[in-house]
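Here the structure is laid out as structure tokens; the discussion comes afterwards.
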Protein chains: 2
Amino acid sequence: MRSYNQYCAVAKALDVVGDRWTLLVVRELLLQGPCRYTDLQRGLPGIATNLLSERLRELEDHGLVQREEAPPPVATTLYVLTPDGRELEPVLRALGRFGTRFIPSPTGDEAFRSHWLAFPVSEFLRDGDPEAPPATLEIHIGDQPAVIEVGRGEVSVRLGTVPAPDLVLEGDGPTVLGLLSGMLEATDARRRGLRAQGSTALLRRLEWS
Amino acid sequence: MRSYNQYCAVAKALDVVGDRWTLLVVRELLLQGPCRYTDLQRGLPGIATNLLSERLRELEDHGLVQREEAPPPVATTLYVLTPDGRELEPVLRALGRFGTRFIPSPTGDEAFRSHWLAFPVSEFLRDGDPEAPPATLEIHIGDQPAVIEVGRGEVSVRLGTVPAPDLVLEGDGPTVLGLLSGMLEATDARRRGLRAQGSTALLRRLEWS
DNA sequence: CGGCATCCTCTTTGATACTG
DNA sequence: CAGTATCAAAGAGGATGCCG
């Protein structure tokens with residue numbers, strides 16, 4: 001990217017991360033941790049491969065990403081955020097908070113990856129009943145299932161499943177997120193194809209701010 | 001900008017404000033308040049005029065900027081951030097905080113506008129002696145003088161001058177900011193062309209975090 | 001002047017194909 | 001798997017012209 005050439009920290013930041021795709025590459029590394037090249041491609045549907053390699057090189061040049069040669073049996077290169085790179089998390093969080101207002105457009109043809117849930121869940125969801133025993137909620141939206149764990153006042157997400165979830169939700173992105181955020185009633189969600197199995201009372205425990 | 005087409009708030013935010021220059025236009029409106037077209041041009045050295053008008057139209061289309069027809073005698077259009085647009089401030093602050101690490105490169109040929117100081121000053125400077133009487137510090141760097149007011153634990157900046165400042169600093173951007181942030185000693189700053197008039201003890205009252 | 005629109009050139013992006 | 005090479009299309013940058 002051509003530099004803005006301004007003696008201003010915002011402009012300097014944009015000189016470094018203002019290119020198209022750059023911040024989304026960082027999003028992937030923040031959410032997924034160390035990634036192989038193809039992990040990144042899967043998390044960035046639509047990116048051209050030449051751009052991905054170019055962005056990674058630029059991020060490396062700026063000291064935000066490090067390339068690590070994984071030892072056998074993996075024997076591949078892993079991309080990892082440096083401590084400096086991890087300091088982009090507040091930027092990503094601020095962007096996510098701002099961007100939620102543009103989400104509700106229900107076009108439906110958009111790509112979805114389950115790990116993208118991690119930001120909104122940790123930003124907006126609260127455990128409304130910290131005294132109650134921990135509970136788990138399994139979500140099936142797109143590529144992979146994810147688990148939301150709630151208990152002791154904390155809410156967290158991770159990819160994967162759990163042996164005996166208290167509730168399983170299955171549906172498309174807008175519907176599941178609408179239900180989680182309380183913007184959608186259970187009956188409306190069901191009308192939009194949501195399938196729920198287990199204790200839907202768990203939903204009332206989650207508080208969206 | 002072409003949409004990333006991802007069901008993710010960060011991607012949505014970047015769909016809206018990820019274009020080149022867009023966030024800097026918002027920076028100007030946040031720092032300067034309502035702006036005429038030419039105010040924006042002055043605050044955005046290097047922008048092509050067609051891009052500025054295009055960005056303003058896009059921001060308007062997304063509901064982040066409003067066009068207001070100022071009544072005579074001004075009789076010009078003013079650009080103002082909407083409440084939604086003002087919610088980009090956390091994004092700009094996060095970017096500024098991240099971008100400071102890329103500032104020290106002292107190339108020297110960069111554009112500078114005094115109002116750009118507002119973010120770093122309000123983010124990083126603290127009044128180290130809240131009990132002491134309020135004091136004022138006038139800064140002459142580039143285009144216009146600015147005033148830093150410190151007192152009662154608060155630090156603020158505004159453009160303009162003050163009748164009897166306790167201290168006047170004159171020099172280039174890196175030097176003055178280096179002095180304010182404590183990264184530069186007074187003698188080093190003087191060697192780099194800084195001219196100070198008044199009570200330099202005031203500098204020790206300012207704390208940089 | 002303030003507020004753009006147009007034209008032209010140059011750079012960046014996106015899509016696809018190909019390679020060690 | 002991890003990229004590089006190629007090329008058409010879109011976007012950015014710069015100059016200039018127009019109009020109230």
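Every chain is numbered from 1, with letters handed out A, B, ... down the list of sequences.
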Rounding to an integer number of Å, can you tell me how far Asp39(A) CG sits from dG3(D) P? 12 Å
Test side chain to side chain contact (heavy atoms under 4.5 Å, CB included) on Ile141(A) and Trp116(A); report intermediate values, then the result. CA-CA 11 Å; Ile141(A) 299 188; Trp116(A) 296 347; over 6 Å; no
Within the structure, does a side-chain N or O atom of Thr77(A) lie under 4.0 Å from either OP1 or OP2 of dG3(D)? yes
Is the His62(B) ring parallel, tilted or perpendicular to the Phe102(A) ring (thresholds 30°, 60°)? perpendicular
Go through it in stages, so that I can follow the logic: the residues are Arg158(B) and Glu149(B), the test is salt bridge (Lys or Arg N to Asp or Glu O under 4.0 Å), and I'd like the CA-CA distance, side-chain angles, deciding distance and then a yes or no. CA-CA 8 Å; Arg158(B) 56 176 182 78; Glu149(B) 292 168 295; 3.4 Å; yes
My understanding is that only one of Arg113(B), Arg42(B), His115(B), Gln41(B) makes a side chain to side chain donor-acceptor pair (under 3.5 Å) with Glu28(B); could you say which? His115(B)
What string of B, S and - do you get for nucleotides 5-20 of chain D, 5' to 3', when a contact is any protein heavy atom under 4.0 Å? BB-----SBB-B----
Please find the earliest and latest nucleotides of DNA chain C, in the 5' to 3' direction, that have an atom within less than 4.0 Å of any heavy atom of chain A. dT13(C) to dA17(C)
May I ask you to decide if the ring planes of Tyr37(B) and Tyr79(B) are parallel, tilted or perpendicular, using 30° and 60° as cut-offs? tilted
When you measure from the side chain of Thr82(A) to the backbone N and O of Leu64(A), does any donor-acceptor pair fall under 3.5 Å? yes
What's the spacing between Leu179(A) CG and Leu184(A) CG if we round to 0.5 Å? 6.5 Å
What residues form a side-chain contact (heavy atoms from CB on, under 4.5 Å) with Arg2(A), not counting sequence neighbours? Arg20(B)
